[in-house]
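Take a look at the structure below.
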Amino acid sequence: MLNHLFPERLDNRYRGHPLAIWLLVPIVLLKLMIGANSILNTRLVAASADGIPLNSFGAAGAEAVVSLFALLGLFQLLLGVQGAVVLVRYRATIPLMYLLLLAQQLGSRAVALARPMAESGASSAHLGSAVVLAVLAMTVVGLVLSLLGKE
């Protein structure tokens, strides 16, 4: 299993189940879209999709949140770019990419539970939670599938 997570050679020779590649494609596309949208439409995404009550903050506080949210979008975009590079050129690292995606998702949930924030109660925030849970499930299934297969 460790040979799948940390291959000796970083090449395009993938050893896991082929379905894991196809599960990774929509996850990577979603990361790219979320990252780009968070950078380009930061205020709208923060207020509507994530339910952050920007209007209840002072001007400086709202701008600080928007700036941090744009930086988070850059992080998402770079993770998507990394996933695209893995899919195109370094398929041997697909299991490691799944592990990084899973660590990011679980780490984000842990931080959100440890540091909860007030929400505006926007209905689209609940849709965002459903998407996050679906991506989490796809990531877990993809990780398991990528670890199965030929040695």
L136 versus L102: any side-chain heavy-atom pair under 4.5 Å? yes

Flag the pair S146 / Y14 as yes when at least one side-chain heavy-atom distance between them is below 4.5 Å, and no otherwise. yes

Is the shortest side-chain heavy-atom distance between Q82 and L100 below 4.5 Å? yes

Tell me whether L19 is reachable from V141 by hopping between hydrophobic residues (I, L, V, M, F, W, Y) whose side-chain heavy atoms are closer than 4.5 Å. yes

Closest non-hydrogen atoms of A20 and L145, given as atom of the first, atom of the second and distance, are CB-CB, 3.9 Å

Working to the nearest 0.5 Å, report the span between CD1 of I94 and CG of L143. 12.0 Å

T139 versus Q105: any side-chain heavy-atom pair under 4.5 Å? yes

Can you name the nearest heavy-atom pair linking A92 to R9, along with the distance? CB-O, 3.8 Å

From CA spacing to verdict: side-chain contact (heavy atoms from CB on, under 4.5 Å), V85, Y90: CA-CA 7 Å; V85 169; Y90 298 107; 3.8 Å; yes

Note, R109 side chain near V132 side chain (heavy atom, < 4.5 Å): yes

Distance in Å, L44 CG paired with S38 OG, rounded so as to fall on 0.5 Å steps: 10.0 Å

Working for side-chain contact (heavy atoms from CB on, under 4.5 Å), residues I52 and F57: CA-CA 10 Å; I52 298 173; F57 303 153; 3.9 Å; yes

Are L71 and F75 packed together at the side-chain level, in the sense that at least one heavy-atom pair is separated by less than 4.5 angstrom? no

On a heavy-atom basis, which atom in V81 and which in L32 lie closest, and how many Å separate them? N-CD2, 3.5 Å

Over all heavy atoms of both residues, which pair between L96 and L5 is shortest? Give the atoms and the distance, please. CB-O, 3.4 Å

4.5 Å side-chain heavy-atom contact, F69 and V45: yes

Under the salt bridge (charged side-chain N to carboxylate O under 4.0 Å, His left out) test, residues paired with R89 that sit two or more places apart: none

Contact summary for A62 and L54, nearest pair of heavy atoms: CB-O, 3.9 Å

Just do the side-chain contact (heavy atoms from CB on, under 4.5 Å) check on L79 and M97 with the steps written out, would you? CA-CA 9 Å; L79 201 56; M97 186 70 210; 4.0 Å; yes

Is there a continuous path of hydrophobic side-chain contacts, each under 4.5 Å between heavy atoms, that joins L68 to I39? no

T42 to A70 - nearest heavy-atom pair and separation: CG2-N, 3.7 Å

Answer with yes or no whether the hydrophobic clustering places M33 together with L40; edges join I, L, V, M, F, W, Y residues whose side-chain heavy atoms lie under 4.5 Å apart. no

Would you give the length of the straight line joining atom CD of Q104 to atom NZ of K31, rounded to the nearest 0.5 angstrom? 3.5 Å

Flag the pair Y98 / L23 as yes when at least one side-chain heavy-atom distance between them is below 4.5 Å, and no otherwise. yes

With side-chain contact (heavy atoms from CB on, under 4.5 Å) as the criterion, how do L24 and L101 come out once you've worked through the C-alpha distance, each side chain's angles and the decisive distance to 0.1 Å? CA-CA 10 Å; L24 188 57; L101 288 166; 3.7 Å; yes

Value rounded to 0.5 Å, distance of OG1 in T93 from CG in L99: 11.5 Å

Could you check whether any side-chain N or O of R115 sits under 3.5 Å from a backbone N or O of V111, counting only pairs where one atom can act as donor and the other as acceptor? no

Just how far is it from atom CD1 of I27 to atom CE of M138, taken to the nearest 0.5 Å? 4.5 Å

